[in-house]
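Structure record follows, encoded as structure tokens.
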Amino acid sequence: MIREIAENELTELLELYLYLHEESVPELTEHLKSTWNTIMKDKNHHIIVNIIDGRMVSSCVCVIIPNLTRNIRPYAFIENVVTHGDYRGKGYATECLDFAKKIAEKENCYKMMLLTGSKKESTLNFYTNAGYNSSDKTAFIQWLK
């Protein structure tokens, strides 16, 4: 079942993020709780989850960003696309991305963007098959400390 995350599912999401690039589940500090509450209250921040047999197996984040160009149409940014290691290759992340696309279309976005740090051909093919391309734009990243 694809849906937006419920407020009480933070712990399960953080455990799923171990399959992304996290080394451990962060401690439930006041800063973490405050960040979670900010995300939950933000109408433009969507955490999409795929629940299979009662277990959160895949997720992505879709943030709608208001914009003053392109006829004042917003755009969507996709981040934190992840699937539990035992559930990969079954289309669960694609379903999350499809749900994100429906949100972006409903919000009249003119484009969706995502970045991946992966150089693996299978990952790049996954995003291509999901409708994204790597030829229209060039991404530059500056990491902050």
Side-chain angles (χ1 to χ4, degrees), residues 1-29 31-33 35-67 69-70 73-145:
M1 170 192 347
I2 307 295
R3 60 173 171 75
E4 291 201 46
I5 198 164
E7 195 166 344
N8 66 345
E9 294 177 311
L10 172 61
T11 301
E12 194 172 358
L13 179 66
L14 294 175
E15 289 171 2
L16 180 62
Y17 281 171
L18 291 174
Y19 292 91
L20 192 58
H21 50 67
E22 299 301 311
E23 295 178 11
S24 64
V25 174
E27 184 180 334
L28 197 60
T29 63
H31 178 63
L32 176 60
K33 291 177 193 174
T35 300
W36 180 244
N37 287 333
T38 298
I39 290 169
M40 288 287 95
K41 291 176 185 168
D42 184 349
K43 70 178 183 66
N44 288 320
H45 200 129
H46 306 269
I47 299 177
I48 299 155
V49 295
N50 199 337
I51 308 296
I52 304 297
D53 297 328
R55 183 176 196 182
M56 187 181 297
V57 301
S58 193
S59 179
C60 74
V61 172
C62 175
V63 179
I64 306 300
I65 301 169
N67 181 39
T69 65
R70 303 287 180 147
R73 291 178 66 193
Y75 57 93
F77 189 77
I78 305 299
E79 185 62 84
N80 297 335
V81 180
V82 62
T83 300
H84 187 288
D86 295 341
Y87 293 84
R88 291 188 177 154
K90 300 180 187 320
Y92 299 134
T94 299
E95 291 174 349
C96 289
L97 291 174
D98 289 345
F99 192 97
K101 184 176 180 181
K102 288 177 185 164
I103 291 171
E105 290 171 337
K106 178 179 161 276
E107 295 297 326
N108 196 32
C109 291
Y110 77 95
K111 71 178 176 183
M112 297 177 70
M113 298 185 300
L114 65 80
L115 300 172
T116 181
S118 177
K119 306 295 184 214
K120 290 172 42 178
E121 189 172 336
S122 61
T123 302
L124 301 178
N125 286 338
F126 165 73
Y127 289 122
T128 299
N129 291 335
Y132 295 85
N133 75 70
S134 60
S135 60
D136 287 348
K137 299 249 181 188
T138 301
F140 290 90
I141 299 173
Q142 182 179 64
W143 296 101
L144 305 175
K145 294 184 181 200

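From a predicted model like this one, the values you see are computed outputs, not experimental measurements. Numbering of residues begins at 1 and proceeds along the displayed sequence.
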Inter-residue atom distance Ser134.OG - Leu124.CG, 0.5 Å rounding: 7.0 Å

In Å and rounded to the nearest 0.5 Å, what is the CG to CG distance from Asn37 to Leu10? 9.5 Å

For Arg70, the salt bridge (Lys or Arg N to Asp or Glu O under 4.0 Å) test, sequence neighbours excluded, returns none

Contacts of type side chain to side chain donor-acceptor pair (under 3.5 Å), residue Glu9, not counting sequence neighbours: Arg3

Please list every donor-acceptor pair under 3.5 Å in which a side-chain atom of residues 78-94 meets a protein atom from a residue at least two apart or in another chain.
{"unit_1": "Thr83", "atom_1": "OG1", "unit_2": "Ser58", "atom_2": "OG", "d": "2.9"}
{"unit_1": "His84", "atom_1": "ND1", "unit_2": "Asp86", "atom_2": "N", "d": "3.0"}
{"unit_1": "His84", "atom_1": "NE2", "unit_2": "Tyr19", "atom_2": "OH", "d": "3.1"}
{"unit_1": "His84", "atom_1": "NE2", "unit_2": "Arg55", "atom_2": "NH2", "d": "2.9"}
{"unit_1": "Arg88", "atom_1": "NE", "unit_2": "Thr83", "atom_2": "O", "d": "2.9"}
{"unit_1": "Arg88", "atom_1": "NH2", "unit_2": "Tyr19", "atom_2": "O", "d": "3.1"}
{"unit_1": "Arg88", "atom_1": "NH2", "unit_2": "Thr83", "atom_2": "O", "d": "2.9"}

Atom of Trp36, atom of Ala6 and distance for their closest heavy-atom approach: CZ2-O, 3.8 Å

List for me each residue that meets side chain to side chain donor-acceptor pair (under 3.5 Å) alongside Arg73, sequence neighbours excluded, and say none if there are none. Asn108

The salt bridge (Lys or Arg N to Asp or Glu O under 4.0 Å) partners of Glu95 (sequence neighbours excluded) come to none

Any non-hydrogen side-chain atom of Cys96 less than 4.5 Å from a side-chain atom of Val49? no

Step by step, would you call Ser59 with Asn50 a side-chain contact (heavy atoms from CB on, under 4.5 Å)? CA-CA 6 Å; Ser59 179; Asn50 199 337; over 6 Å; no

Distance-only donor-acceptor pairs under 3.5 Å for side chains of residues 40-47, two or more places apart:
{"unit_1": "Asp42", "atom_1": "OD1", "unit_2": "Asn44", "atom_2": "N", "d": "2.8"}
{"unit_1": "His46", "atom_1": "ND1", "unit_2": "Glu4", "atom_2": "OE1", "d": "3.0"}
{"unit_1": "His46", "atom_1": "ND1", "unit_2": "Glu4", "atom_2": "OE2", "d": "3.0"}
{"unit_1": "His46", "atom_1": "NE2", "unit_2": "Lys43", "atom_2": "O", "d": "3.2"}

Can you tell me how far apart CD1 (Ile39) and CD1 (Ile5) are? Round to the nearest 0.5 Å. 9.5 Å

Expected list for residues 111-122: side-chain donor-acceptor pairs under 3.5 angstrom, two or more places apart:
{"unit_1": "Thr116", "atom_1": "OG1", "unit_2": "Ser118", "atom_2": "N", "d": "3.1"}
{"unit_1": "Ser118", "atom_1": "OG", "unit_2": "Lys120", "atom_2": "N", "d": "3.0"}
{"unit_1": "Ser118", "atom_1": "OG", "unit_2": "Thr123", "atom_2": "OG1", "d": "3.3"}

List the atom of Ile48, the atom of Cys62, and the distance in Å for their closest heavy-atom pair. CD1-CB, 4.1 Å

Which pairs pass ring-ring contact (aromatic ring centres under 6.0 Å, His included) with one or both residues in residues 110-145, sequence neighbours excluded? none

Let me confirm one number: the CE-OH distance from Met56 to Tyr17, rounded to the nearest 0.5 Å. 9.0 Å

Starting at CD1 of Ile2, measure out to CD1 of Ile51 and round the result to the nearest 0.5 Å. 8.5 Å

Let me see the working for Leu32 and Leu14 under side-chain contact (heavy atoms from CB on, under 4.5 Å), right down to the final yes or no. CA-CA 11 Å; Leu32 176 60; Leu14 294 175; 3.9 Å; yes

Partners meeting side chain to side chain donor-acceptor pair (under 3.5 Å) with Asp136 (sequence neighbours left out): Asn133

Residues passing the side chain to side chain donor-acceptor pair (under 3.5 Å) test with Asn67, sequence neighbours excluded, are Thr69

Report the residues that fulfil salt bridge (Lys or Arg N to Asp or Glu O under 4.0 Å) with Lys33, sequence neighbours left out, ordered by chain and then residue number. Glu30

